[in-house]
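The structure under discussion appears below in the form of structure tokens.
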Protein chains: 2
Amino acid sequence: MSNVQASIKQADQHCREHGVRLTDKRKQVLLSLLQSEKAMSAYELVDYYKAEFGESMPPMSVYRILDFLQEEHLVHKLNSTNKYVSCSHITCDHDHEITQFLICGECQSVKEININKSTIEALQNNIEEAGFHLVSPQLEMNCLCENCI
Amino acid sequence: MSNVQASIKQADQHCREHGVRLTDKRKQVLLSLLQSEKAMSAYELVDYYKAEFGESMPPMSVYRILDFLQEEHLVHKLNSTNKYVSCSHITCDHDHEITQFLICGECQSVKEININKSTIEALQNNIEEAGFHLVSPQLEMNCLCENCI
DNA sequence: GAATGATATGATACAACATATCATTTTAAA
DNA sequence: TTTAAAATGATATGTTGTATCATATCATTC
């Protein structure tokens, strides 16, 4: 089974367990993000969906489905670029605590990495010293990937 | 002299030295950001400008002026929120290498901090291990400030 | 100080990203 | 099979940002 198919299957399983439904449309949107292997905007997804599945989905539906997928932690939103990317840990059993994104500014490929806990703690200390309190440690870093360097 | 006035004066000086002009409009936009002491969107600046100076400035002009101020490193754009904030180091003589922003999600106040060099290096190592290359190390962290905790 | 070119700003239109709201369809359960 | 809930569609509009052409202001040279 391909990685993509394994992810879909796992996502389906995950939704069942959480008492929510991975409908066909939701599955297709997730599939689009998995297949494209890069971050896409909602409107890019509208186009991709149209090209891939032959029928068009209104932007409103795409946004709603992206919201759903985010709530289920199957998709992440990249705030710095207003794009969406499938979670790379769908097939992992463990929960991943902290998500850091390396975003290729050239090809929009995204790598989700885990920063050392000690590095995060050091960061957090810097923040507390400044009198602020970290709410969400999602870091998005503007990078170039191996292929685009 | 107030902090704000000192910053304006320094900004003016900086522009002279770089052979560019801090015109009245540019000065007023910078002043708006300095006075408000928080991050504002371009359109919020349009409103602020109108309220503060009695005449309206078209959004296009605000964007152009923000571009100018960014080029001169007098203003930063926060990509995660699509807002703009005055640089907190205008009155420093030294160049500040790496800028990290703590953004209060409640009141939009922003603190510009310097992360330990060692922490940044640790981060960078994590990134290189993942096969990516960091282009711009501007980190924007979703926080709460002292007053909003 | 008038002519000229460069820089700055205004005006208008539109593209890209996102949400509000009401209508319709599909699904699950009684 | 009726009914309520969930999901999706349709339409309008809000928000952020850029393209482009017109006008105004400034600086220099004649």
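Labels below follow one simple rule: chain letters A, B, ... track the order of the sequence lines, proteins then strands, and each chain is numbered from 1. Worth saying up front: this structure is predicted, and the values here are computed from it rather than measured.
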Assert yes or no for the condition that the ring centre distance of A/Tyr84 to A/His76 is strictly below 6.0 Å.
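Not under 6.0 Å, so no.
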So does [X] get a side-chain nitrogen or oxygen closer than 4.0 Å to the phosphate oxygens (OP1/OP2) of [N]?
| X | N | answer |
| --- | --- | --- |
| B/Tyr84 | D/dG17 | yes |
| A/Lys25 | C/dT26 | no |
| B/Thr23 | C/dT9 | yes |
| B/Tyr43 | D/dT15 | no |
| A/Lys77 | C/dA18 | yes |
| A/Arg26 | D/dA7 | yes |
| A/Asn82 | D/dT16 | no |
| B/Ser41 | D/dT16 | yes |

Counting the atoms with a prime plus P, OP1 and OP2 as sugar-phosphate, which does A/Arg64 contact under 4.0 Å by heavy atoms, base, sugar-phosphate, or nothing?
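The answer is base, as A/Arg64 lies within the cut-off (heavy atoms under 4.0 Å) of a base atom.
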Categorize B/Lys83 for me: base, sugar-phosphate, or nothing, with a 4.0 angstrom heavy-atom threshold over every strand shown.
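No contact at all - B/Lys83 keeps every heavy atom at 4.0 Å or more from the nucleic acid.
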When you measure from the side chain of A/Gln100 to the backbone of A/Leu139, do you find a donor-acceptor pair of N or O atoms at a distance under 3.5 Å?
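Checked: pair present.
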Measure from [atom1] on [X] to [atom2] on [N] and round the result to the nearest Å.
| X | N | atom1 | atom2 | value |
| --- | --- | --- | --- | --- |
| A/Glu71 | D/dA7 | CD | P | 10 Å |
| B/Glu44 | D/dG17 | CD | P | 11 Å |
| B/Ile65 | D/dT25 | CD1 | C1' | 13 Å |
| B/Arg16 | D/dA27 | CZ | P | 10 Å |
| A/Gln28 | D/dT8 | CD | C1' | 13 Å |
| B/Lys50 | C/dG10 | NZ | C1' | 15 Å |
| A/Asp24 | C/dT26 | CG | C1' | 11 Å |
| B/Leu30 | C/dA8 | CG | C1' | 17 Å |

Taking 4.0 angstrom as the limit, do B/Glu55 and B/Lys25 come out as a salt bridge?
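Between B/Lys25 and B/Glu55 there is a salt bridge, with a charged N closer than 4.0 Å to a carboxylate O.
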For the pair A/His14 and A/His18, name the ring-plane relationship: parallel under 30°, tilted 30 to 60°, perpendicular over 60°.
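Correct class here is parallel.
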When you match B/Pro59 and B/Arg21 each to their closest nucleotide on DNA chain C, which lands nearer the 5' end?
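Whichever sits nearer the 5' end wins; that is B/Arg21.
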Taking only the side-chain heavy atoms of B/Met60 (C-beta and beyond), determine which of C/dT19, C/dA11, D/dG9 contains the nearest atom.
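Selected nucleotide: C/dA11.
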Using the side chain to side chain contact (heavy atoms under 4.5 Å, CB included) definition, which of the options B/Gln10, B/Lys9, B/Arg16 pairs with B/Asp12?
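The residue from B/Gln10, B/Lys9, B/Arg16 that satisfies side chain to side chain contact (heavy atoms under 4.5 Å, CB included) with B/Asp12 turns out to be B/Arg16.
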